[in-house]
Amino acid sequence: MSIRSERKEEHLKLAQMFFNKEKYNSFDQMHLLRPALPESKVDQSVLATEMFNKSVSAPFFINAMTGGSKQSLIVNQALGKIAHQEKIALALGSASILAKEKDQLESFYVARDEDPNGVLIVNVNPETPINAIKQTIKELQADALQIHLNTVQEIAMPEGDRNFIWLDQIKNILDQITIPVIIKEVGFGLDQNSIHLLKENGIKYFDVAGSGGTNFAQIENARNDHDVSYLEDIGLPTVISALMAQKESVNFIVSGGVRNPLDILKGLSLGGQFVGISNVFLQEFNKNSFEGLQTLISNWKDELAALISIYGKHDLASLPKIKKYYDLPLKNQIDQLI
């Protein structure tokens, strides 16, 4: 197994080791005002929507996790099958490894094989050669491309990059592919200035991926020979990053620390068109296998539909109208930053 594949395996093991479903995050400091008389009924059909011109059954999806190793193949095959059966979108983990290790394609392709007509999103870093990106998109019949920005992770990573001059490369990718491009953080949050700059350069879709969930500084610090744990707390909370994206009037996905259907509802109420979930789904799969994760996703659909009903809404478009209020620590951050 190559060094890159070994790193993928280590990331999976460390994500499981550090997983804490009860981890406190910015969603806990955000509250939605619920009407005692909602005048509504539970109807799961309100969840159905479109993502990149394909129908999906819900506004939440399986966000980027893994690919490029033996264990990744097992995970992605299961995720692809679940995405197909539950009719939700799936974003694969970083496929940048394919630029140098084409034999790892199968660990990604199994997802498309299991879900031939569903929404599949490919993920790469900004420095991935354009020819490799085009080939990966073609092989996987991808519906969209995530370009991840992971500067904090790279600094914490023992073998990480140290060159973060990426804008021209992002523009080059945008110019040369025809499917939608999403700029995604990896758990440290997109800031408003970066969203604005990228929007000015043609990017139309964003995944805020704020802090509160998987912490890649923590994961990489566990692989490091010296302590860089101080990097673990420099992320931008998901709620604040979502509000920044909202202020820039862009199409955005909310992810980062989503643990349950109420967090999904909060993400949608912040203006997110979709909500992405990674580690909660991965650890449910690790604990209870394919059947456990499929049941969880099915249950979350029922629960999200019920939440939409008790908050007095009848469709996804109306969710940003739910009145919100914040605990003072988060409200102080919002007042300072937005």
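One is the number of the first residue; the rest follow in order along the sequence.
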Is there a side-chain contact between V124 and L145 (heavy atoms, below 4.5 Å)?
-> yes

Taking the side chain as C-beta and beyond, is there a heavy-atom pair between L337 and L236 under 4.5 Å?
-> yes

When you measure from the side chain of N221 to the backbone N and O of V228, does any donor-acceptor pair fall under 3.5 Å?
-> yes

4.5 Å side-chain heavy-atom contact, D263 and F60 = no

Which atom pair, heavy atoms only, marks the closest approach of F108 to S94?
-> CZ-O, 3.3 Å

Starting at CG of L243, measure out to CD of Q333 and round the result to the nearest 0.5 Å.
-> 11.0 Å

Give a yes or no on whether N53 atom CG has more than 12 heavy-atom contacts from other residues, nucleotides or ligands under 6.0 Å away.
-> no

Single-linkage hydrophobic cluster I177~F206, side-chain heavy atoms < 4.5 angstrom = yes

Distance only, no hydrogens: is a donor on one side chain within 3.5 Å (strictly under) of an acceptor on the other, for Q153 and N150?
-> yes

Under 3.5 Å donor-acceptor, K266 side chain and M30 backbone | yes

Which heavy atom in A142 sits nearest to a heavy atom in I179, and how many Å separate them?
-> O-CG2, 3.7 Å

Output yes when a side-chain donor or acceptor of R162 lies under 3.5 Å from a complementary backbone atom of G160, and no otherwise.
-> yes

Does I195 share a hydrophobic cluster with I253, counting links as ILVMFWY side-chain heavy atoms below 4.5 Å and allowing steps through other members?
-> no

Exceeds 12 heavy-atom contacts within 6.0 angstrom, atom CG of L33 | yes

What closest approach, in Å, do I183 and I203 show between heavy atoms, and which atom pair accounts for it?
-> CG1-CG2, 3.6 Å

Take N201 and I170 through the test side-chain contact (heavy atoms from CB on, under 4.5 Å) and record every step on the way to the result.
-> CA-CA 9 Å; N201 281 278; I170 291 171; over 6 Å; no

Between the side chains of D327 and Q29, is a donor N or O closer than 3.5 angstrom to an acceptor N or O?
-> no

Please test E200 against H196 for side-chain contact (heavy atoms from CB on, under 4.5 Å), starting from the C-alpha separation and ending with a verdict.
-> CA-CA 6 Å; E200 291 294 300; H196 183 81; 3.7 Å; yes

Side chains of N172 and Q169: do they bring a donor and an acceptor to under 3.5 Å?
-> no

How many angstroms lie between atom CD1 of I121 and atom CG of N123, to the nearest 0.5 angstrom?
-> 9.5 Å

Answer yes or no: is there an ion pair linking R112 with E139, defined by an N-O contact shorter than 4.0 Å?
-> no

Plane angle bin for F274 and F61 - parallel if under 30°, tilted between 30 and 60°, otherwise perpendicular = perpendicular

Indicate whether the side chain of E232 and that of N215 have a donor and an acceptor atom separated by less than 3.5 Å.
-> no

Verify whether one side chain among S107 and S72 offers a donor that lies under 3.5 Å from an acceptor in the other.
-> no

Going by heavy atoms in the side chains, are L268 and V275 under 4.5 Å from each other?
-> yes

Look up atom NE2 in H314 and atom OG in S40, then write down how far apart they are to the nearest 0.5 Å.
-> 5.5 Å

Side-chain donor/acceptor of N25 to backbone N/O of G257, under 3.5 Å = yes

Ignoring hydrogens and angles, tell me if any N or O in the side chain of S241 forms a donor-acceptor pair with the backbone of L190 under 3.5 Å.
-> yes

Nearest atoms (heavy-atom pairs only) where A209 meets K184 | CB-NZ, 4.0 Å

Side-chain donor/acceptor of T238 to backbone N/O of S211, under 3.5 Å = yes

Report the distance from atom CD1 of I173 to atom NZ of K171, rounding to the nearest 0.5 Å.
-> 12.5 Å

Would you check if Q246 and F252 make a side-chain contact, meaning some heavy-atom pair closer than 4.5 Å?
-> yes

Taking C-beta and beyond as the side chain, do I334 and I240 meet within less than 4.5 Å on heavy atoms?
-> yes

The reported gap from CD in E154 to CG in D161 (rounded to nearest 0.5 angstrom) is 4.5 Å

For S298 and Q294, indicate whether the former's side chain and the latter's backbone hold a donor-acceptor pair under 3.5 Å.
-> no

Check ion pair K331-D335 (N to O, under 4.0 angstrom) | yes

Taking S57 for its side chain and E86 for its backbone only, find out whether a donor-acceptor pair lies under 3.5 Å.
-> yes

In sequence, state the C-alpha distance, the side-chain angles, and the governing distance for V152 and F216, and then conclude on side-chain contact (heavy atoms from CB on, under 4.5 Å).
-> CA-CA 8 Å; V152 180; F216 275 99; over 6 Å; no

Using a distance-only test with no angle check, is there a side-chain donor-acceptor pair under 3.5 angstrom linking N260 and E303?
-> no

Linking I/L/V/M/F/W/Y whenever their side-chain heavy atoms sit closer than 4.5 Å, directly or via other members, would W300 and M65 fall into one cluster?
-> yes

If you group Ile, Leu, Val, Met, Phe, Trp and Tyr by side-chain heavy-atom gaps below 4.5 Å, do L316 and L270 land in one group?
-> yes

Does NZ belonging to K54 count more than 12 external heavy atoms closer than 6.0 Å?
-> yes

Verify, without hydrogens or angle tests, whether Q77 (side chain) and V110 (backbone) share a donor-acceptor contact under 3.5 angstrom.
-> no

P320: what forms a side-chain contact (heavy atoms from CB on, under 4.5 Å) with it, not counting sequence neighbours?
-> none

Here the gap from Q192 atom CD to K247 atom NZ, rounded to the nearest 0.5 Å, amounts to 5.5 Å

Does any donor atom in the side chain of N63 or D207 lie under 3.5 Å from an acceptor atom in the other side chain?
-> yes

What's the shortest heavy-atom distance between K87 and S55, and which atoms?
-> CE-O, 3.6 Å

Answer yes or no: is there a side-chain heavy-atom contact under 4.5 Å between Q44 and K301?
-> yes

Side chains of Q273 and P59: does their closest heavy-atom pair fall under 4.5 Å?
-> no

Closest heavy-atom pair, S69 versus Q104, reported as atoms and distance to 0.1 Å, is N-OE1, 3.4 Å

When you look at L120 and L90, which way does the side-chain contact (heavy atoms from CB on, under 4.5 Å) test go after all the steps?
-> CA-CA 5 Å; L120 188 70; L90 167 62; 4.0 Å; yes

Got a donor-acceptor contact below 3.5 angstrom from the K324 side chain to the S269 backbone?
-> yes

Honestly curious: do V181 and L149 fall in one hydrophobic cluster under the side-chain, below-4.5 Å linking rule?
-> yes

